[in-house]
Amino acid sequence: MTPVVRIQREDFDLGAEVAALARGDADIGAVVSFTGLCRDESCRLAALELEHYPGMAEAEIARVAAEAAARWPLSGLLAIHRFGLIRPGEQIVLVIAASSHRREAFEAADFLMDYLKTRAPFWKREHLADGSIGGWVEAKADDDRAAERWS
Amino acid sequence: MTPVVRIQREDFDLGAEVAALARGDADIGAVVSFTGLCRDESCRLAALELEHYPGMAEAEIARVAAEAAARWPLSGLLAIHRFGLIRPGEQIVLVIAASSHRREAFEAADFLMDYLKTRAPFWKREHLADGSIGGWVEAKADDDRAAERWS
Amino acid sequence: MNQHVAAPPLKLVYFAWVRERVGLADEIVSPPPGTATIAELVRWLKTRGEGYELAFENEAIVRAAIDHTHAKPAASIAGAREIAFFPPMTGG
Amino acid sequence: MNQHVAAPPLKLVYFAWVRERVGLADEIVSPPPGTATIAELVRWLKTRGEGYELAFENEAIVRAAIDHTHAKPAASIAGAREIAFFPPMTGG
């Protein structure tokens with residue numbers, strides 16, 4: 001099983017990605033997906049700008065995915081991370097893990113998201129509704145603690 | 001937020017269900033989905049037959065979903081469980097949890113699946129590739145232990 | 001104390017291998033006066049024939065629900081409209 | 001011990017607010033002989049002007065990668081082709 005990793009500007013289609021990952025594999029009993037969306041609770045945002053480190057982004061997510069594949073018996077694993085301008089309600093990131101049983105699929109997807117948050121070289125900046133460019137989003141200590149659960 | 005619960009013979013469309021659940025809600029940052037599929041590792045099966053208790057299946061899944069909604073701050077929660085004959089590779093069950101943050105979405109989906117396994121009145125029987133009807137699938141102690149994690 | 005008043009007729013429903021062993025999907029029964037709990041109902045059902053005896057052979061494994069809600073053996077059946085018996089669930 | 005041999009030119013890349021403070025997305029530099037680790041490279045960069053000083057004001061917060069792999073301050077930069085500096089990641 002080779003994890004699929006894509007870094008792209010374009011949107012993705014959850015249903016199509018799950019179907020492609022699970023297709024024709026009779027030992028898949030469980031598929032867990034995580035979709036991360038651009039949130040805007042107070043209608044402050046015009047968009048989030050996602051900057052990334054081309055080359056390292058692919059390499060680092062592939063390393064994290066390989067760790068997950070070594071740790072859980074998976075039949076399929078996918079990570080897509082978008083960059084560029086992403087508007088409220090739009091999709092930013094997708095992780096899919098497929099396995100025979102649900103525990104492994106849940107844990108692998110959860111692990112991949114936690115590590116992606118703390119290790120994948122992406123940075124978010126706010127573009128505000130009033131047209132100005134806001135600050136860089138600060139990293140959360142919560143995210144580091146979440147990743148530490150797995151070590 | 002009122003959980004969506006559907007018990008149906010027909011297949012479902014993961015992408016469409018996620019899109020419907022997350023549509024237009026600016027405070028959703030994380031959507032976790034679980035899809036359970038009919039597995040057939042050794043090509044033994046023609047199908048699984050899912051018997052259910054009409055009325056109680058809806059009521060019990062709605063109770064479990066309400067528990068999840070009380071426990072985590074969710075923006076959306078959905079459970080679909082199919083009954084009838086389901087062939088290898090086909091979808092059996094879908095759970096979707098949407099929240100502001102990923103931890104809540106992961107935990108709610110995980111919880112809902114664990115309780116659905118041990119509390120929803122569904123029973124699987126094997127229809128074998130040779131045309132005969134096999135036995136009823138036995139409940140797994142693992143599933144009880146998984147559900148106990150949440151109490 | 002009205003436990004010796006005859007209970008009204010009760011609908012029983014059976015699922016999966018409990019249904020197969022009993023040989024019925026559902027039936028209307030009138031348990032004897034004093035049948036107050038799920039466990040007592042099961043004890044009475046087991047006197048009704050081989051199929052019931054086989055279905056409830058291992059009482060600890062058969063689950064029950066009263067009016068669509070899971071119920072323990074000690075649960076009171078007073079006022080119940082529909083009682084279900086079934087094996088441990090294997091959905092999901 | 002060849003730590004005093006002049007290192008070959010090195011590509012540095014900067015991201016997010018590190019990039020903005022340095023005022024460059026990338027540059028080719030020739031660190032002085034003896035610059036053996038990420039921490040030593042940072043120390044030298046901070047002598048190169050106000051932008052660098054501001055970018056690396058809080059050294060503990062700026063992350064580094066050597067040839068697309070995360071690296072600690074003590075990591076050796078020997079043989080590195082591309083070294084990146086950036087804030088803590090906020091993807092996902």
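Just so it is clear, the values below take in all heavy atoms, side chains as well, and ignore hydrogens, waters and symmetry mates. Lettering of chains follows the sequences in order, A, B, ..., and the numbering in each one begins at 1. Everything numeric in this text was worked out from a predicted model, so none of it was measured.
- With no hydrogens or angles considered, no side-chain donor-acceptor pair links A:Tyr115 and A:Arg119 at under 3.5 Å.
- With no hydrogens or angles considered, no side-chain donor-acceptor pair links A:Trp136 and A:Glu51 at under 3.5 Å.
- When heavy atoms are compared at a cutoff of 4.5 Å, A:Glu49 does not approach chain D at all.
- A:Glu60 and A:Tyr53 are not linked by any side-chain donor-acceptor pair at a separation below 3.5 angstrom, with hydrogens and angles left out of the test.
- How far CD1 of A:Ile7 is from CD1 of A:Ile61: 4.0 Å, rounded to the nearest 0.5 Å.
- Distance alone, capped at 3.5 Å, is enough to place a donor-acceptor pair between the A:Lys124 side chain and the D:Gly92 backbone.
- Most heavy-atom pairs under 4.5 Å with chain D, from the set A:Ala57, A:Gly55, A:Ala59: that is A:Gly55.
- In this structure, D:Arg43 does not pair ionically with D:Glu40, as no charged nitrogen and carboxylate oxygen lie closer than 4.0 Å.
- Residues of residues 82-110 of chain A having a heavy atom under 4.5 Å from any heavy atom of chain D, listed by number: A:Ile92, A:Val93.
- Under a cutoff of 6.0 Å and an axis angle of 45°, D:Arg21 and D:Trp17 form a cation-pi pair.
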